[in-house]
Amino acid sequence: MYLPKKSQMHSHEALDFIQEFGFALLSSSDLQASHLPLILKTDADGNHTLYGHMAKANNHWKTLDLQTVLAVFSGPHGYISPTWYDGFPAVPTWNYAAVHVTGIFELTDSNETILHLTDTIAKYEPELLQHGGFIPNDYRDKLAKAIVGFKI
């Protein structure tokens, strides 16, 4: 990706961006891609890990374990008209924000995957966790068998 120096983000800005725009395009070297929500976690040592899951029926995960992947987080974007500039001539362009993250894809066990699912619900709809019976544990466990969890 072309990145003009004046448009570069500092690491803390990129981390904030991922927290706000957590839906990513996950791509692999074989040119497969999946669109997925990812949750960013930072441990006590300051290491950052992305957690996600995908349907077991999605064959993409079968080629990813221990492979380098690219996660692209996209934010606001929009067309910029040349008529908006004071100077002439000018060309149209597109203004956008994105963060590219590379890392090693690792499958997670069922316990870690359940923890990630809880974190995902806590981020996007925490009220579901406050009403304990909305997603009963036996139903959650049944659905969890149809997905694979991972971390990057």
Side-chain angles (χ1 to χ4, degrees), residues 1-80 93-152:
M1 175 171 87
Y2 171 65
L3 188 58
K5 191 169 184 93
K6 66 181 180 178
S7 298
Q8 294 178 8
M9 288 185 202
H10 298 286
S11 353
H12 69 280
E13 294 170 315
L15 295 172
D16 291 345
F17 187 91
I18 291 168
Q19 293 287 14
E20 185 172 353
F21 303 102
F23 194 70
L25 170 70
L26 181 67
S27 65
S28 50
S29 62
D30 61 357
L31 302 181
Q32 289 190 70
S34 296
H35 297 263
L36 306 162
L38 299 177
I39 300 293
L40 176 66
K41 293 286 194 159
T42 303
D43 67 18
D45 295 326
N47 299 310
H48 309 292
T49 305
L50 294 167
Y51 290 89
H53 67 278
M54 66 177 74
K56 216 175 248 186
N58 179 348
N59 287 326
H60 192 194
W61 69 271
K62 293 178 182 176
T63 65
L64 294 176
D65 199 28
L66 303 179
Q67 300 299 311
T68 299
V69 295
L70 170 67
V72 178
F73 299 87
S74 298
H77 60 90
Y79 175 76
I80 306 299
T93 189
W94 205 270
N95 196 6
Y96 63 94
V99 170
H100 291 196
V101 175
T102 58
I104 304 298
F105 182 101
E106 295 178 55
L107 294 172
T108 55
D109 64 26
S110 59
N111 291 332
E112 194 170 10
T113 299
I114 293 293
L115 290 174
H116 154 69
L117 290 174
T118 303
D119 291 340
T120 303
I121 294 168
K123 178 173 181 167
Y124 292 106
E125 198 167 7
E127 300 81 25
L128 293 180
L129 296 175
Q130 295 169 0
H131 308 292
F134 192 82
I135 303 175
N137 288 345
D138 59 335
Y139 183 65
R140 177 203 64 199
D141 294 344
K142 178 183 173 186
L143 292 178
K145 292 177 184 171
I147 64 170
V148 291
F150 62 88
K151 61 185 176 181
I152 302 169

Is there a side-chain contact (heavy atoms from CB on, under 4.5 Å) between L107 and L64 once you walk through the steps? CA-CA 9 Å; L107 294 172; L64 294 176; over 6 Å; no
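- Once rounded to the nearest 0.5 Å, the distance linking CH2 of W61 with NZ of K56 reads 6.5 Å.
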Verify side-chain contact (heavy atoms from CB on, under 4.5 Å) between E125 and T120, making sure each step is shown before the conclusion. CA-CA 8 Å; E125 198 167 7; T120 303; over 6 Å; no
Apply side chain to side chain donor-acceptor pair (under 3.5 Å) to residues S28 and H60 and explain how you reach the verdict. CA-CA 9 Å; S28 50; H60 192 194; 2.9 Å; yes
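- Atom CG of N111 and atom NE2 of H116 lie 14.0 Å apart (nearest 0.5 Å).
- The distance from the CD1 atom of I18 to the CG atom of L40 is 5.5 Å, given to the nearest 0.5 Å.
- Checking N58 against S34 by side-chain atom types alone, a donor-acceptor pair falls below 3.5 Å.
- The distance from atom NZ of K151 to atom CD1 of I39, rounded to the nearest 0.5 Å, is 15.5 Å.
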Verify ring-ring contact (aromatic ring centres under 6.0 Å, His included) between F21 and F73, making sure each step is shown before the conclusion. CA-CA 6 Å; F21 303 102; F73 299 87; 9.6 Å; no
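- In this structure, CD1 in I104 is found 3.5 Å from OG1 in T68, a value given to the nearest 0.5 Å.
- Atom NZ of K123 has more than 12 neighbouring heavy atoms from other residues, nucleotides or ligands inside a 6.0 Å radius.
- Smallest separation of non-hydrogen atoms from E112 and Y51: OE2-CE2, 3.3 Å.
- When the shell of 6.0 Å around OH of Y139 is examined, it contains 12 or fewer heavy atoms from other residues, nucleotides or ligands.
- In this structure, L115 CG and D109 CG are separated by 8.5 Å, a value rounded to the nearest 0.5 Å.
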